[in-house]
Amino acid sequence: MYFGVITLFPEMIDAVTKFGVTRRACENGLIKVDCINPRDYTEDKFGNVDDKPYGGGPGMLMQVQPLRDALRVARSQAPKDTKVVCMSPQGVQLNHSLVTDIHSWGSVILIAGRYEGIDERVLQKEVDLEVSVGDYVLSGGELPAMCIIDAVSRMVPGVLGDLRNAKEDTFALGLLHFPQYTRPETIDGLKVPEVLMSGDHERIRRWRLMQSLGRTYERRPDLLENRELSKEELQLLKTYLEQRNMN
Ligand code: 4GM
């Protein structure tokens, strides 16, 4: 999976190549991350990479010429027909389905803007999709771009270990994760649920599925609206709610 990133702060993006699962993915050649810095393409006599908005007002925009030159270089280094995504609060919100779409493209160029944003015509002409990581404003698109790189990398076969599998991640199943416990058996009087100590794998599977369904119903009912429940799942959710109403 190829990621080209247009950024004024490539050292931020370097973090994905330095830590954890994404570091291993880079080392094993399963993903490649290239940064292209508009600063390297400035032709302004003061080396500026920002510019004033027409119509006035506070704040600056990304200067068009260095941005477009960086994008031209990024396209030349990427596989042909690589799609271009711009991180922006005005974008469609990132979710599991969009992460699988981006993975299916095989390569992507991510524009991580700074300042107050990007000239609308550059978006029209050069950008295939604007993507947001949520309804809040950040000081730049780098953290959102890193969210995409991390989430998409987990879809690449071999990136997660043999024992972990992206297909079993929370949103792949359309449900929230069940509660998890590790040692010690008791913390401040709170015990690990008895079923998890039983060694009965079928009972454990049903309990975990019931917890996932119950939590999703309570915390993210919107996720259940877009998901058919099997007969077993409906029964488990009913049991969860009955038990809850008794306590
Ligand atoms: C405006 C336009 C993305 C702001 C382009 C980017 C939040 C998100 C920026 C930009 C951002 C988000 C930079 N802030 N919610 N700031 O995904 O690149």
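Every number for a ligand or one of its atoms is a count from 1 in the order of the listing.
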Would the number of heavy atoms belonging to other residues, nucleotides or ligands and lying under 6.0 Å from CZ of R183 be above 12? no

Applying a heavy-atom distance cut-off of 4.0 Å, which protein residues contact ligand 1? M87, S88, P89, G113, E116, G117, S132, V133, G134, Y136, V137, L138, G140, G141, P144

Without hydrogens or angle criteria, can the side chains of Y2 and D34 be said to hold a donor-acceptor pair below 3.5 Å? yes

With E43 via side-chain contact (heavy atoms from CB on, under 4.5 Å) - residues at least two apart: Q65, D69

Once side-chain hydrogen bond (donor to acceptor under 3.5 Å, both in side chains) is applied, do any residues pair with N37, and if so which ones, sequence neighbours excluded? none

We want to know whether S230 and E232 form a side-chain donor-acceptor pair, criterion being a heavy-atom distance below 3.5 angstrom. no

Cluster partners of L213, using ILVMFWY side-chain heavy atoms under 4.5 angstrom, listed by chain and number? L175, Y181, V192, V195, L196, M197, I204, W207, L209, M210, Y217, L224, L229, L234, L236, L237, Y240, L241

